[in-house]
Amino acid sequence: MTVTGEKLQRYMHIILYVFGLILTTEWLRPVDQLTDTGNIFIFVLFLIFSLLLHYFQIHWPIRFILISVYIMFSLQLLHSINGISWMSGFLVDFTANLRFIYDANWESITNPFRTLLFFVLLWLVTYLIHYWVMVRQSIFFFFLLTVFFVSVLDTFTPYAGDMSMIRIIITGFLMLGLLSLLRLMIQEQIAFPPAAIKKWAMVLIGVIVLSAVAGFIGPKLSPQWPDPVPYITSYSNKTMQEGDGSKDKSVGYDEDDSSLGGSIEPDSSVVFYNNATEGHYWKVENKDVYTGKGWVSIEEPDVASFSIGQDMGPLDIYQVPEVMKTKEMTTEVSMEEMYPHILHPQSGYLKKIEDNSNTEMNFIYYLGMDKIITEWKNGDPQLMKEYELTYDMPSFDIAELRKVTEPDESMAVLMEKNTQLPEGLPNRVYDLVTQLTRNETNWYDKAKVIENYFDRPEFIYSKDEIPYPDTNQDYADQFLFETKIGYCDNYSTAMVVLLRAANIPARWVKGYTEGEKTVNRGESVYKVTNNNAHSWVEVYFSGIGWVPFEPTKSFNGEVEFYDSELKQQEIKNREDAPANAEQPKVEERERLDKPDNDAESMKEKDERRLDGQRKWMASALMVVLILLAISYISRRKWIPHLHVLMYRRKSGQHFTSAYAILLKQLNRAGLIRPAGQTLREYAAYVDAVYGTNEMSELTAGYEIMLYRGDVEDGEWEHFQSVWERLMKKTSS
């Protein structure tokens, strides 16, 4: 028994498909290790499923439906916790993601949409594999591309590609050896029995195994070239430092705040989601020692330990003043970037931390830093992915705050710690705060005067081209009197320094702002990114505690204040006349911070609207051109089906034009008729390619029609079915 050419073709296709699948899985392994993408087996199953549909040549509409069902089911499985309700949330989120793509705001794209795009990418890869297998009958280029891809990742990333490279090379040599034999048999029409093919395969496998073993046990030279990564990194750093004397930082949480200053690059990657009913700031820690260049924290022995689910009330960590109004809130936090600390609400009184898992975990609360660290009960650090917080959010009574005019006898240690300033602080800082607070008698009004001082137009909020202070220059002094441009660290540090210069206890706080509303897993949540990393100020009031203030332009602090001494009518008058209000002027500050939005003329609005319309028209035109280009490129696929529908109800009188269309379509499919070749010779060539005799039969009927001048009624139905089958074959 010998193997026919048709079977050889099938074996070759199977080998190429399998090898293409193996190569593609090698592309997926680094994705699993270098990113937070999980459940890779779902994507591998998708590759297998898509390649099987290609191999069995399932008609493209059915293939599209099956692939779409698999993708949507996978998205629901990976990102839904509420069953079918996820679908409505995803559809709502889909339009927003398209807008993010249009605006090139890649970091804001949600995880379900990223997964959808990843599936589409894998779908395109399977089509390329199908093209290389069925048309080119070689995926050697894909093999080389995979080797290069793994080599680059192994060199420039933490991914270890040793075993991956071994798998690729061994499988590649095996594939090349088998395909060489199959091509030889097909091209030379050599009929080998299966036993001979098995012997060839065994010898090939033996050679590959011996080569691999020799490679493992053989001596290996040490690296002949230096590692390029340190050189590239050091050269990049040197170039940036020579350019502006400093290296830009990325926005986000960082424990080291000892050297503030410099520009910061935006980063829209998601840090965490939370489903708080009201947006508020999230605190990580505070720092109390100002060095003149930045902030450091001195770890104090005052710590409290509690376990997961434990009520924190008996620990006396928080003492809610009797004059304080609070409301209880429960919020679920889902971390996307893992840290060993617990986020807690600014100025809130934390009552309990819970987790759905049955883990044995402890929390260490550092009282001086107002920071909570997670660890296992054996002392090892632990990162929590999801947890639930129960806490009381306070509302601050301005009337009670105004009663504080000086420290009481219990605040000696607190005053020493939180009024610290470095030696050599310029006198003009003290002169400025004296001038600002000369007409105020209580700490609250002094703090508000200092906070509102940064609303002046000479202060500019910016993250670009922010200088570092010189060696003998104070960071806060530089911002207050020289640059007057910066971001939250500049504003918050300057306010703390001014408050301490006025002998008011204050501390520097860092964490995140409330973020923005979005939909995640079918639930309305706040999305907090690295761009929401922020710093602000807290001032201590005797009998009340630490109260947050927000000096940074375009930020409002999300803190609730009220005045118990004001009557309802007076409150209304103050709302109607915000210029005389003593409460935080949120709307006025937003107007000052964003003059371009509020003072925008009608002409500018019209121009912006027209600009938006032009963008959408340009996008629509681009989509139309792309669709036309795709239609033209794929015309061999759809034109035959269109002609079949057009000629299905026509009579035999149209047989001449139908035959001419078939000849044109065969030429478009690559079966070109040489000049001078007869129709019968050409028909025999077409039948040899397709493995049928239908073209010869159709040509014979066409010649009879030409000689006789007509076609009998019964014959056309037979010719029409043959013609349709040939037209469809040209599209495959």
key: Derivation of the side-chain contact (heavy atoms from CB on, under 4.5 Å) call for Leu77 and Ile42   = CA-CA 10 Å; Leu77 179 66; Ile42 292 181; 4.0 Å; yes
key: Listed once per pair and sorted, the side chain to side chain donor-acceptor pair (under 3.5 Å) pairs that draw on residues 41-55, sequence neighbours left out   = Ser50-Thr126
query = Applying side chain to side chain donor-acceptor pair (under 3.5 Å), which residue pairs with at least one partner in residues 206-216 are found, sequence neighbours left out?
reply = none
Within the 4.5 Å heavy-atom criterion, are [X] and [Y] side-chain neighbours or not?
X      : Y      : value
Tyr17  : His130 : yes
Leu343 : Met335 : yes
Val271 : Asn532 : no
Leu28  : Leu122 : yes
Leu726 : Leu666 : no
Arg29  : Arg167 : yes
Met163 : Ile166 : yes
Tyr387 : Ser334 : no

Working to the nearest 0.5 Å, report the span between [atom1] of [X] and [atom2] of [Y].
X      : Y      : atom1 : atom2 : answer
Ile22  : Phe143 : CD1   : CZ    : 12.0 Å
Leu145 : Phe140 : CG    : CZ    : 12.0 Å
Arg63  : Phe56  : CZ    : CZ    : 13.5 Å
Leu45  : Ile40  : CG    : CD1   : 11.5 Å
Thr115 : Phe43  : OG1   : CZ    : 5.5 Å
Ile48  : Leu52  : CD1   : CG    : 7.5 Å

ask   = Pick from Asn530, Asn531, Thr529: which one makes a side-chain hydrogen bond (donor to acceptor under 3.5 Å, both in side chains) with Ser269?
value = Asn530
key: Worked check of side-chain contact (heavy atoms from CB on, under 4.5 Å) between Thr171 and Glu26   = CA-CA 12 Å; Thr171 312; Glu26 295 299 336; over 6 Å; no
query = Taking NZ, NE, NH1 and NH2 as the nitrogens, is one of them in Glu265 or Lys463 under 4.0 Å from a carboxylate oxygen of the other?
reply = no
Heavy-atom pair of closest approach, residues [X] and [Y]:
X      : Y      : answer
Val528 : Gly515 : CG2-CA, 4.1 Å
Gly20  : Ile129 : O-CD1, 3.7 Å
Pro61  : His59  : CD-ND1, 2.9 Å
Phe142 : Thr146 : O-OG1, 2.7 Å
Val251 : Ala533 : CG2-CB, 4.4 Å

Using atom types as modelled and distance alone, determine if a side-chain donor or acceptor of [X] lies under 3.5 Å from a backbone N or O of [Y].
X      : Y      : result
Arg673 : Tyr682 : no
Tyr273 : Asn520 : no
Ser263 : Glu465 : yes

query = Stepwise, does the side-chain contact (heavy atoms from CB on, under 4.5 Å) test hold for Phe46 with Ile71?
reply = CA-CA 8 Å; Phe46 174 77; Ile71 292 176; 3.9 Å; yes
With a cut-off of 6.0 Å (strictly less than), are more than 12 heavy atoms of other residues, nucleotides or ligands near [atom1] of [X]?
X      : atom1 : value
Phe118 : CZ    : yes
Tyr127 : OH    : no
Lys385 : NZ    : yes
Glu255 : CD    : no

task = Given side-chain contact (heavy atoms from CB on, under 4.5 Å), test His341 with Tyr253 step by step and report yes or no.
result = CA-CA 11 Å; His341 56 249; Tyr253 173 76; 3.4 Å; yes
Glu386: partners by salt bridge (charged side-chain N to carboxylate O under 4.0 Å, His left out), with sequence neighbours left out = Arg521
key: Sub-6.0 Å ring centroid separation between Tyr512 and Phe272   = yes
query = How about Glu523 and Asn275: does a side-chain donor come under 3.5 Å of a side-chain acceptor?
reply = yes
message = Quick check on side chain to side chain contact (heavy atoms under 4.5 Å, CB included): which of Val150, Thr25, Val147 does Ser164 satisfy it with?
response = Val150
